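Worth knowing before you read on, the calculation uses all heavy atoms, side chains too, and leaves out hydrogens, waters and symmetry mates. All figures in this text were calculated on a predicted structure; none of them were measured in a lab. Counting starts at 1 for both ligands and their atoms, following the listed order.
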Amino acid sequence: MASRPVVVLAGGVGAARFLRGLVRAVPPDDIVVIGNTGDDMWWHGLYIAPDLDTVTYWLAGVADEARGWGIRGDTFTAQAALATLTDASWFQLGDRDLATHLYRTGRLTSSAPLHTVTAELAEQLGVRSRILPMCDEPVETRLKTDAGDLHFQEYFVRERYRPRVREIYWTGLDAARPAPGVAEALSASRAVLIAPSNPSISIGPILRVPGMRELVAAVRDRTVAISPVIAGRAVKGPTVELLRAEGIRPDALGVAEVYRDVARGFVLDSADASLAPAIAALGYRIAVRPTMLDDGEAAREVARAALDILQQPAAA
Ligand code: FO1
């Protein structure tokens, strides 16, 4: 690990798109990613870690960037065969992606902790940044909806986030601890960036791991959050609906309120410039920029803006 890394709290595709820019602004070896594992699930005997894999594949340059998840050019032969055996085939695994899950599951069932296996997979794919799970223990994001009590992937993939969400909750948090390396990376960091991921179901679980929020709050003066909401809408997915379900104002100001105790800087989209005074009044140093991360160069600009905030003089 770099002696003073840039640490990123990350969900899935939003974080991956952001990281694609950060690696153009900062040497990749200087980056430590702390990834959400609340979306993880057991599927036909395999342990799937979608957000860790999404970040790994994007940083390795093998991601299917158009689809957002999985590996570019992957085939789905095993998936098609599975669909002939069972109706439980709504979660699709590509053939090459399957190799990741076979490897990870084999290592986990022979007692290797998740952080070790995550590092092995990243190294084997040539990723130079360090990728850490938020914790080694199983934590599950679940939603109480008008279609029943669902695992996150059942809500997101099987039900295509159509059910109305009444409550989001997590199992396994009591036994969870920040994974080995997390506390050290945060305390040694030169900057901590909260990626433009869903604050409730992507960053929320990370900050809910017992002790994590305190670790980030301790380095609040060098932490910057990037809003995932632009003009009251998410680029992709049910971010706005899930913020509402948690009673959070579904716009950049609502996101800024959520991170108030852990971040000092905030990047919001130019379309939300009218919210800037209210966000600054929460005590944030702010940058207003186009935050659509359509390509690596746009993402680099946002990453640069986030890091530059830390050079601004502290508010009086
Ligand atoms: N998302 C889908 O919408 N449909 C899928 O079949 C699907 C499979 C899948 C397999 C491996 C993986 O790592 C991710 C996968 N995703 C799929 C994405 C994933 O459900 C979500 O994007 C994340 O959990 C939210 O961050």
Side-chain angles (χ1 to χ4, degrees), residues 8-19 33-60 62-80 82-83 86-105 108 114 117-118 121-122 125 127 131 133-134 138-143 150-163 165 168 170 194-206 228 234-243 293:
V8 181
L9 307 192
V13 66
R17 285 157 60 98
F18 173 72
L19 284 162
V33 178
I34 301 174
N36 170 42
T37 58
D39 296 8
D40 294 9
M41 71 168 175
W42 285 93
W43 180 244
H44 294 292
L46 297 177
Y47 186 86
I48 320 290
D51 283 359
L52 295 178
D53 287 347
T54 296
V55 164
T56 303
Y57 292 160
W58 278 67
L59 286 176
V62 301
D64 186 323
E65 297 190 359
R67 195 174 49 209
W69 52 271
I71 295 175
R72 191 170 55 242
D74 212 348
T75 51
F76 288 82
T77 306
Q79 175 68 31
L82 183 69
T86 170
D87 286 341
S89 60
W90 48 265
F91 194 77
Q92 301 195 46
L93 298 181
D95 297 320
R96 287 182 62 197
D97 194 24
L98 200 51
T100 300
H101 310 309
L102 288 168
Y103 177 79
R104 178 191 292 115
T105 308
L108 290 175
L114 183 60
V117 188
T118 304
L121 284 165
L125 285 167
V127 174
I131 302 176
M134 62 190 199
V139 167
E140 205 172 286
T141 301
R142 299 195 61 89
L143 303 96
L150 305 176
H151 183 283
F152 175 75
Q153 298 297 348
E154 292 173 322
Y155 163 74
F156 190 78
V157 177
R158 193 186 70 197
E159 304 297 330
R160 297 175 193 277
Y161 44 90
R162 281 182 296 234
V165 177
I168 308 170
W170 286 268
I194 302 180
S197 298
N198 187 319
S200 50
I201 47 96
S202 297
I203 305 299
I206 301 175
V235 176
K236 191 170 173 267
T239 299
V240 164
E241 293 74 8
L242 295 178
L243 287 174
L293 307 173

Report yes or no: does D51 have a heavy atom closer than 4.0 Å to ligand 1? yes
Is the closest N or O pair between D39 and ligand 1 shorter than 3.5 Å? yes
Just let me know how N36 lines up against ligand 1, side chain, backbone, both or neither, with a heavy-atom cut-off below 4.0 Å. neither
Going by the order shown, which atoms of ligand 1 are within less than 4.0 Å of some heavy atom of F152? 24 (O), 25 (C)
Taking N or O atoms only and a 3.5 Å limit, does D53 qualify as a polar contact for ligand 1? no
Rounding to 0.5 Å, atoms CE (M134) and CD1 (I203) come to a distance of 10.5 Å
Is any side-chain heavy atom of H44 closer than 4.5 Å to one of L93? no
Measuring from atom 2 (C) of ligand 1, which candidate in W69, Y57, F76 has the nearest non-hydrogen atom? W69
Atom 21 (C) of ligand 1 sits nearest the protein heavy atom F156 CE2, 3.6 Å
Evaluate the side-chain proximity of W69 to P50: yes if any heavy-atom separation is below 4.5 Å, no if none is. no
Short N/O distance, under 3.5 Å, between D97 and ligand 1? no
Considering only heavy atoms from C-beta outward, does the side chain of F91 approach that of M41 to under 4.5 Å? yes
Can you pull out the closest protein heavy atom to atom 8 (C) of ligand 1? Residue, atom name and distance to 0.1 Å, please. Q92 O, 3.2 Å
Quick one: does S197's side chain get under 4.5 Å of N36's, heavy atoms only? no
Measure the spacing between CG of L52 and OG1 of T118 and express it to the nearest 0.5 Å. 5.0 Å
Closest to atom 9 (C) of ligand 1 among protein heavy atoms sits F91 CZ, 3.2 Å
Heavy atoms, side chains only, cut-off 4.5 Å: are W42 and H151 in contact? no
Do D39 and F156 have side chains that get closer than 4.5 Å, going by heavy atoms? no
As an exercise, identify every atom of ligand 1 less than 4.0 angstrom from a heavy atom of V157. 1 (N), 2 (C), 3 (O), 4 (N), 5 (C), 6 (O), 20 (O)
Name the closest protein heavy atom to atom 13 (O) of ligand 1, giving the residue it belongs to and the distance to 0.1 Å. P50 CA, 3.3 Å
For ligand 1, which atoms, with element, lie under 4.0 Å from some heavy atom of Q153? 19 (C), 20 (O), 24 (O)
Do the ring planes of F152 and Y155 sit parallel (below 30°), tilted (30 to 60°) or perpendicular (above 60°)? tilted
